[in-house]
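In what follows, a structure is listed as structure tokens, so that the remarks can point back to it.
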Amino acid sequence: MSQSKDGSQTVVQWEDRGAIAIATIDRPKALNALNLDVLRGLKDLVETKAHREGLRAVVLTGAGDKAFVAGADIVAMQEYGPAEAEAFSLEAQALGEAIERAPVPFIAAVDGFALGGGCELAMACDMIFAGPKAKFGQPEVNLGVIPGFGGTQRLVRRVGHAIAMDLCLTGRMIGAEEAVRSGLASRAVDGSALDAAIEAAEQIAAKGPVAIRMARRAIHEAADSDLRSGLAAERSLFALCFATADQKEGMAAFVGRRPAQFTGR
Ligand code: CAA
């Protein structure tokens with residue numbers, strides 16, 4: 001944890017690595033639990049640094065070797081009343097929406113616990129990569145509460161009613177393989193999820209930036225609309241790609257049998 005200029009503690013680290021960036025939630029002693037400082041710090045970074053010119057993808061991870069994020073900070077929440085709980089939920093939901101609205105994809109690299117708010121934060125990302133030690137779950141019922149950081153809504157969209165009910169009502173934890181089988185995570189990897197996520201972020205960075213943006217938008221649309229409206233949105237976004245230099249370059253490169261040089265225009 002480092003100290004910022006105003007003396008407050010910086011609980012999220014941001015590392016720019018050329019076309020990609022790595023954001024690390026940095027409270028390993030509390031298994032990276034989400035308190036207001038983390039929620040606000042990360043949202044601020046998402047709304048500023050994730051909009052940097054030339055950035056193509058962000059990897060989100062947790063510090064230490066035990067946890068991505070073990071949930072909302074239970075110590076902080078313990079004495080909350082309904083008004084404080086609602087404000088806390090609003091801050092976290094706004095963070096999830098800021099990630100979804102960011103111009104570049106986010107990959108959550110989960111090498112340990114991703115529980116409660118941690119699982120919910122990962123689900124706000126475009127992809128979740130899970131290492132051998134990954135454990136996902138919505139254990140809020142153990143504490144007498146329900147998921148409040150978007151979990152009931154994003155989980156059901158990812159895994160469907162049957163598995164969302166199972167996870168939210170039993171609070172049980174699942175590993176990487178089951179997370180992928182159920183549709184919660186994108187990939188189970190043998191080694192480090194962080195390394196795999198960085199590799200995928202670099203692959204994404206080499207693609208047409210406009211196409212990546214349009215694909216994300218179309219897929220988000222699918223989660224929130226009926227098929228006919230979703231297909232209409234996809235058609236418009238597909239057509240819009242043909243107004244870009246990236247489309248001309250991508251197809252010319254294919255036909256000319258050379259690597260594409262995308263400009264993001
Ligand atoms: N909030 C605050 N502190 C937490 C925390 C959390 N969610 N999870 C872990 N910690 C702290 C522990 O209190 C402990 O601190 P101390 O060393 O000061 O005692 C430290 O992190 C290490 O944790 P453990 O000693 O418990 O580690 P473990 O390996 O024995 O167990 C664990 C790991 C199974 C993840 C366990 O820590 C645990 O069950 N954590 C809580 C998980 C949880 O219930 N998450 C949901 C929170 S509610 C929520 O997220 C609501 C929402 O949707 C908004």
Side-chain angles (χ1 to χ4, degrees), residues 1 9-13 24-43 46 60-100 106 108-125 128 130-159 161 163-176 178-179 182 184-185 193-194:
M1 210 176 322
Q9 283 168 334
T10 307
V11 284
V12 188
Q13 310 297 339
T24 306
I25 297 170
D26 192 9
R27 294 187 72 207
K29 286 191 182 140
L31 303 189
N32 304 316
L34 303 171
N35 59 17
L36 279 174
D37 285 345
V38 178
L39 296 177
R40 288 174 182 161
L42 182 55
K43 180 163 172 281
V46 170
L60 178 61
T61 190
D65 57 4
K66 274 186 78 171
F68 171 73
V69 168
D73 190 321
I74 300 166
V75 180
M77 282 186 299
Q78 194 180 2
E79 301 299 333
Y80 279 179
E84 289 152 309
E86 186 176 13
F88 194 41
S89 169
L90 200 60
E91 294 263 2
Q93 290 183 353
L95 167 62
E97 289 182 300
I99 290 173
E100 288 172 346
F106 275 64
V110 177
D111 281 307
F113 294 109
L115 302 175
C119 188
E120 296 169 280
L121 177 62
M123 286 192 287
C125 296
I128 299 175
K133 289 197 305 179
K135 289 277 176 226
F136 297 88
Q138 297 292 161
E140 287 87 349
V141 284
N142 295 328
L143 302 165
V145 297
I146 68 165
F149 288 4
T152 60
Q153 303 306 301
R154 290 198 178 90
L155 188 62
V156 77
R157 283 168 167 76
R158 278 189 182 238
V159 305
H161 176 100
I163 295 173
M165 281 293 183
D166 180 359
L167 293 178
C168 290
L169 302 191
T170 68
R172 76 185 176 92
M173 291 188 212
I174 61 172
E178 189 174 351
S182 66
L184 172 56
L194 178 59

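Counting starts at 1 for both ligands and their atoms, in listed order.
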I want to confirm something. Looking only at heavy atoms, which of M173, Q78, Q138, E140 is nearest to atom 51 (C) of ligand 1? E140
Are P147 and ligand 1 in contact, using a heavy-atom cut-off of under 4.0 Å? yes
Nearest non-hydrogen contact to atom 50 (O) of ligand 1 from the set G118, G64, G117 belongs to G117
Looking only at heavy atoms of K66, does any of them come nearer than 4.0 Å to an atom of ligand 1? yes
Side chain, backbone, both or neither: which applies to A33 and ligand 1 if a contact is any heavy-atom pair less than 4.0 Å apart? side chain
Give me the nearest non-hydrogen protein atom to atom 23 (O) of ligand 1 as residue plus atom name, then the distance to 0.1 Å. L31 CD1, 3.6 Å
Residue, atom and distance of the protein heavy atom nearest atom 18 (O) of ligand 1 read K29 O, 5.0 Å
More than 12 non-hydrogen atoms from neighbouring residues, nucleotides or ligands closer than 6.0 Å to CD on E84, yes or no? yes
Under-4.0 Å heavy-atom contact with ligand 1, by part of P139 that carries it: side chain
Answer yes or no: is there an ion pair linking R172 with E178, defined by an N-O contact shorter than 4.0 Å? yes
L115 touching ligand 1 at heavy-atom level, < 4.0 angstrom: yes
Going by the closest heavy atom to atom 4 (C) of ligand 1, which one wins out of A30, A67, G144? A30
Tell me the contacting part of V145 for ligand 1: side chain, backbone, both, or neither, using a 4.0 Å heavy-atom threshold, strictly below. neither
